[in-house]
A.B. asks: 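Okay, here's the structure, questions in a sec.
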Amino acid sequence: MILCIDSGNSRIKYGLWDGAGWCRSGSCAQADRAALGEIRAEWPMPRRIMLANVAGSDAEARIRGALGDWGARLEVVRSTAQAAGVRNGYRDSGRLGVDRWCALIGARALRPGALLVVMAGTATTIDALDGDGNFLGGLILPGQQLMLGALARDTAALPFAAGAHRDWPQCTDDAIVSGAIEAQVGAIERAWARLPGNERHCLLSGGNAGLLQPCLAMSMTRMDNLPMYGLLELARETSSET
């Protein structure tokens, strides 16, 4: 049993791998991270606990505390120069967000060839791997709620929009929502056009994946919880080394 925890800016996702699949899974808001303590009573004790955390040291400490006696098993993952068949092309490999790093590793384990890995959450990240597992680089954009919030906060007359995506919006709420979606989709499609290789796949993950997916013009595969698959691969790799 391997418990994988993906601690993002807004939410914490977690899943228990039993060797054949995710036998249990769940999520909670960062503010409700104490709910992690409930899994100790309901789930079997895992052999290992892997954590990818981008929410800061306070979140890490609170997650460890919420896990109680399980916290002693917590293995905090950091971005490295190379792991599980992926080579980190960042100028400072340790500065690559660990959620992005784990998503790349998870994607590489799930699909061959060149990969565009899109994580649509609080921020939208668009990262590229070539067919040999080399991380080429990536983009970071504000996610949907951040874009809507910035317009509502920093303009005098625009609301926090509750519209829908339209090809040609004819009201302000639809124009704002559509503009935010089109900005993200346009960046994804431009990155896809630059991705080298004959065998290429786009994997789309994150809480806003369902918002972007219908608007993308190229083929893609929806793959939820990519960072957790990366954590699983890292656990497997380190297990084989011992």
Side-chain angles (χ1 to χ4, degrees), residues 4 6-13 15 27 52-55 77 79 83-90 95-150 165 177-234:
C4 298
D6 172 22
S7 171
N9 290 295
S10 301
R11 297 190 64 77
I12 301 172
K13 286 78 67 180
S27 66
N53 173 50
V54 298
V77 172
S79 299
V86 177
R87 285 170 290 281
N88 190 339
Y90 239 41
R95 295 294 301 275
L96 176 64
V98 69
D99 55 341
R100 296 168 66 193
W101 178 236
C102 289
L104 288 165
I105 290 171
R108 177 71 173 170
L110 293 167
R111 289 289 187 277
L115 298 169
L116 193 69
V117 180
V118 181
M119 294 287 297
T122 303
T124 296
T125 60
I126 307 166
D127 292 318
L129 283 174
D130 70 14
D132 294 321
N134 297 303
F135 173 48
L136 303 178
L139 308 172
I140 303 175
L141 292 77
Q144 187 73 8
Q145 284 70 36
L146 286 180
M147 289 195 194
L148 301 188
H165 180 268
V177 168
S178 300
I181 291 173
E182 291 288 322
Q184 296 167 85
V185 167
I188 294 168
E189 291 176 352
R190 284 176 60 85
W192 176 253
R194 293 193 294 267
L195 186 67
N198 295 321
E199 184 181 13
R200 303 187 301 166
H201 304 278
C202 175
L203 299 185
L204 180 62
S205 192
N208 285 329
L211 188 67
L212 303 184
Q213 184 175 4
C215 302
L216 286 165
M218 74 303 177
S219 63
M220 89 297 297
T221 301
R222 174 84 174 269
M223 188 64 67
D224 293 332
N225 298 320
L226 270 177
M228 292 206 305
Y229 281 97
L231 288 169
L232 180 63
E233 286 304 308
L234 289 169

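FYI, side chains are in, hydrogens and waters are out, and symmetry mates aren't considered; it's all heavy atoms of this structure.
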A.B. asks: Specify the closest pair of heavy atoms between Cys202 and Trp192, including all atoms of both residues, with the distance to one decimal.
C.D. replies: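 Shortest heavy-atom contact: N-CZ3, 3.7 Å.
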A.B. asks: Quick one: does Asn88's side chain get under 4.5 Å of Leu104's, heavy atoms only?
C.D. replies: no
A.B. asks: If you take all heavy atoms of Ile105 and Leu234, which pair is closest and at what distance?
C.D. replies: CD1-CD2, 3.8 Å
A.B. asks: As an exercise, state the distance from OH of Tyr90 to CH2 of Trp101, rounded to the nearest 0.5 Å.
C.D. replies: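 It is 12.5 Å, given to the nearest 0.5 Å.
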A.B. asks: If only atom types and distance count, is the side chain of Glu189 paired as donor or acceptor with the main-chain N or O of Ala217 below 3.5 Å?
C.D. replies: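 Side chain of Glu189 to backbone of Ala217, a donor-acceptor pair under 3.5 Å: yes, one is there.
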A.B. asks: CG/Leu212 to CD/Gln184 distance, rounded to the nearest 0.5 angstrom?
C.D. replies: 5.0 Å
A.B. asks: So do Pro227 and Met119 actually touch side chain to side chain, heavy atoms under 4.5 Å?
C.D. replies: yes
A.B. asks: Within this structure, what is the CZ-CD distance for the pair Arg222 and Gln213, rounded to the nearest 0.5 Å?
C.D. replies: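 Answer for the CZ-CD pair, Arg222 versus Gln213, is 5.5 Å.
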A.B. asks: State, with a plain yes or no, whether a side-chain heavy atom of Arg87 is found less than 4.5 Å away from one of Asp132.
C.D. replies: yes
A.B. asks: What's the spacing between Ile126 CD1 and Arg190 CZ if we round to 0.5 Å?
C.D. replies: 10.5 Å
A.B. asks: Run Val54 and Asn9 through side chain to side chain contact (heavy atoms under 4.5 Å, CB included) and show every step you take.
C.D. replies: CA-CA 6 Å; Val54 298; Asn9 290 295; 4.1 Å; yes
A.B. asks: Side chains of Thr221 and His201, heavy atoms from C-beta outward: is any pair under 4.5 Å?
C.D. replies: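 Contact flag for Thr221/His201 side chains = no.
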A.B. asks: Under 4.5 Å between any side-chain heavy atoms of Leu129 and Arg108, yes or no?
C.D. replies: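 Leu129 reaches Arg108 side chain to side chain.
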A.B. asks: Which pair of non-hydrogen atoms, one from Tyr229 and one from Asp224, has the smallest distance, and what is that distance?
C.D. replies: CE1-O, 3.7 Å
A.B. asks: For the backbone of Leu96 and the side chain of Ser79, can you confirm whether one donor and one acceptor N or O come within less than 3.5 Å of each other?
C.D. replies: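 Checking the backbone N and O of Leu96 against the side chain of Ser79, a donor-acceptor pair under 3.5 Å is found.
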A.B. asks: Please test Gln144 against Val177 for side chain to side chain contact (heavy atoms under 4.5 Å, CB included), starting from the C-alpha separation and ending with a verdict.
C.D. replies: CA-CA 8 Å; Gln144 187 73 8; Val177 168; 3.9 Å; yes
A.B. asks: For the residue pair Gly138 and Asp127, what are the closest heavy atoms and their distance?
C.D. replies: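 It is CA-OD1, 3.1 Å.
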A.B. asks: Please report the closest heavy-atom contact between Met223 and Arg111, naming both atoms and the distance.
C.D. replies: CE-NH2, 4.1 Å
A.B. asks: If you measure from CD1 on Ile12 to CG on Asn53, what distance do you get to the nearest 0.5 Å?
C.D. replies: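 If we round to the nearest 0.5 Å, Ile12:CD1 and Asn53:CG are 8.0 Å apart.
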A.B. asks: Do Leu116 and Arg200 make a side-chain contact, defined as non-hydrogen atoms from C-beta onward lying under 4.5 Å apart?
C.D. replies: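 When only atoms from C-beta onward are counted, Arg200 and Leu116 do not touch, as no gap falls below 4.5 Å.
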A.B. asks: Are Asp99 and Thr125 close enough, and set up right, to give a side chain to side chain contact (heavy atoms under 4.5 Å, CB included), and what steps lead you there?
C.D. replies: CA-CA 10 Å; Asp99 55 341; Thr125 60; 5.8 Å; no
A.B. asks: Show your working on side chain to side chain contact (heavy atoms under 4.5 Å, CB included) between Leu231 and Val77 and close with a plain yes or no.
C.D. replies: CA-CA 8 Å; Leu231 288 169; Val77 172; 3.6 Å; yes
A.B. asks: Indicate yes or no: at least one non-hydrogen side-chain atom of Cys102 is less than 4.5 angstrom from one of Asp6.
C.D. replies: no
A.B. asks: Are Arg11 and Ser27 close enough that a side-chain donor and a side-chain acceptor fall under 3.5 Å?
C.D. replies: yes
A.B. asks: When rounded to the nearest 0.5 angstrom, what distance separates CD1 in Ile140 from CZ in Arg100?
C.D. replies: 4.0 Å
A.B. asks: Search all heavy atoms of Leu211 against all heavy atoms of Cys215 and return the closest pair with its distance.
C.D. replies: O-SG, 4.1 Å
